[in-house]
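Following: one structure in structure tokens, then a few remarks.
Heads up: numbering here begins at 1 and tracks the sequence.
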Amino acid sequence: MESSQLVAIINRLDAMIKEDSQEETTRRFEIDGVEKCAVTYDPASDSFSLEEFDQHQSFQFDNIDLVAMEIYDLLYD
């Protein structure tokens with residue numbers, strides 16, 4: 001059985017939350033060498049901002065599960 005891609009995404013997002021920094025942190029997500037999105041975590045507001053590169057849209061999330069599902073959809077749909 002393959003390991004869960006969704007768990008890997010959540011682990012990366014969780015690492016952003018656990019960083020001992022008061023500044024925003026950003027992670028990029030790609031598949032097959034093509035960047036699909038960037039996610040920024042803002043510890044001051046405890047929220048994520050997702051920038052989708054293909055559609056040039058940005059979304060705000062205050063729930064790690066919701067942002068993880070959106071990233072998964074961008075990478076594997």
Side-chain angles (χ1 to χ4, degrees):
M1 176 184 287
E2 290 185 40
S3 62
S4 171
Q5 297 298 326
L6 191 54
V7 169
I9 293 168
I10 290 174
N11 287 340
R12 289 186 68 193
L13 295 173
D14 192 45
M16 294 171 73
I17 294 170
K18 291 179 179 175
E19 281 188 16
D20 193 23
S21 174
Q22 295 303 313
E23 297 189 23
E24 293 182 350
T25 57
T26 301
R27 299 284 189 277
R28 296 183 178 274
F29 291 84
E30 66 179 47
I31 186 142
D32 298 328
V34 177
E35 288 186 346
K36 294 293 186 173
C37 65
V39 176
T40 302
Y41 175 70
D42 180 8
S45 65
D46 193 30
S47 65
F48 294 93
S49 175
L50 182 142
E51 180 184 356
E52 184 180 333
F53 295 143
D54 290 343
Q55 301 298 320
H56 304 288
Q57 295 180 329
S58 293
F59 303 96
Q60 296 289 98
F61 297 92
D62 61 358
N63 183 296
I64 193 171
D65 294 327
L66 296 177
V67 72
M69 289 187 295
E70 185 67 29
I71 294 166
Y72 182 88
D73 286 343
L74 288 172
L75 295 177
Y76 300 105
D77 264 354

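For residues 63-77, the set of pairs meeting the salt bridge (Lys or Arg N to Asp or Glu O under 4.0 Å) definition, not counting sequence neighbours, is empty. Residue pairs meeting the salt bridge (Lys or Arg N to Asp or Glu O under 4.0 Å) criterion with at least one partner in residues 36-50, sequence neighbours excluded, are K36-D54. Residue pairs that meet the ring pair (Phe, Tyr, Trp, His ring centres under 6.0 Å) test with at least one member in residues 51-74, sequence neighbours left out, are Y72-Y76. Sorted by first and then second residue, the pairs that involve residues 10-51 and meet ring pair (Phe, Tyr, Trp, His ring centres under 6.0 Å), not counting sequence neighbours, are Y41-F48. Under the salt bridge (Lys or Arg N to Asp or Glu O under 4.0 Å) criterion, the residue pairs touching residues 12-25 are D14-K18, E19-R27, with sequence neighbours excluded.
Atoms CE and CG, from M69 and L74 in turn, are 12.5 Å apart once rounded to the nearest 0.5 Å.
For L6 against A68, the heavy-atom pair with the smallest separation is CD1-O, 3.7 Å. Summarising the geometry of S21 relative to P43, their closest heavy-atom pair is O-CG, 3.7 Å, with the distance given to 0.1 Å. Contact detail for S47 and Q60: the closest heavy-atom pair is OG-NE2, 4.3 Å.
Using a 4.5 Å heavy-atom cutoff, the side chains of Q5 and L75 are not in contact. Between L13 and I9, some side-chain heavy-atom pair lies under the 4.5 Å cut-off.
Not a single side-chain hydrogen bond (donor to acceptor under 3.5 Å, both in side chains) links S58 to another residue, sequence neighbours left out.
Dense packing is recorded around CD of Q57, with more than 12 heavy atoms of other residues, nucleotides or ligands lying under 6.0 Å away.
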